[in-house]
Structure formats: structure tokens, C-alpha cells
Amino acid sequence: MTAYKPQDALAHWTVQDMLRQCLTSGRMVEVVYRDSAGQVCIAHDVIRDLFNRAGRDFILLGRGVLLSLDHVLTIDGLPPCSSCG
């Protein structure tokens, strides 16, 4: 069994499916995340893009905020990855 490494974590497929549905529908979501200073922030916005770079998942919000999913606490009340919560 391989040890879990946070940098290798990808969003669970059901979460990716939910995010893709939000992306294609253009519906507004509530995203609770920690900013670079560690403060908890809440954004009500649409998801403009969802992608993976260097083994990390990111979402781009409609207002141009780029978030790594490892900084996201919840999206519409649900944890963004299978290893969260």
C-alpha cells in the first residue's frame, strides 16, 4: 500500500462530475476556501474552468479567482476531494 501524498491528490471523480455540471450549467455556487494568508473566505460565483496542472486540481471562478482545490474547504457545502472531511 502506498502512502498518501497530498500533492498527488486529485479530486474524487464524483466531485469532478459535480464541478463539470456547475461549469457547463453556469449555475452559481458557494465556495468556502482559505486564501494565501490562511483566512477563510466565501465566494458566491460561477465556475469558469476546471483543470489539473502538475498533479494538482484547480478551479477558476467567474471573477478570475484561481483556487487550488487543496485550499477549498467546501463547494455548496460538500468537501472538494475524497480525502477531505
Which heavy atom in [X] sits nearest to a heavy atom in [Y], and how many Å separate them?
X: Leu23; Y: Asp49; answer: CD1-N, 3.5 Å
X: Val46; Y: Arg27; answer: CG1-O, 3.8 Å
X: Leu61; Y: Asp45; answer: CB-OD2, 3.7 Å

Q) Among all residues two or more places apart in sequence or in another chain, which pass the side chain to side chain donor-acceptor pair (under 3.5 Å) test with Ser25? A) none
Report the distance from atom [atom1] of [X] to atom [atom2] of [Y], rounding to the nearest 0.5 Å.
X: Arg56; Y: Leu69; atom1: CZ; atom2: CG; result: 9.5 Å
X: Arg48; Y: Ile59; atom1: CZ; atom2: CD1; result: 12.0 Å
X: Leu19; Y: Leu50; atom1: CG; atom2: CG; result: 5.5 Å
X: Met28; Y: Ile47; atom1: CE; atom2: CD1; result: 11.5 Å

Q.
Quick test of your reading: applying ring-ring contact (aromatic ring centres under 6.0 Å, His included), list the pairs with at least one residue in residues 49-75, sequence neighbours left out, ordered by first then second residue.
A. Phe51-Phe58
Q. Partners of Glu30 by side-chain contact (heavy atoms from CB on, under 4.5 Å), sequence neighbours excluded?
A. Val32, Ile42, His44, Asp76
**Q.** Note, Leu67 side chain near Val31 side chain (heavy atom, < 4.5 Å)
**A.** yes
**Q.** Within-4.5 Å side-chain heavy-atom neighbours: Tyr33 and Val40
**A.** no
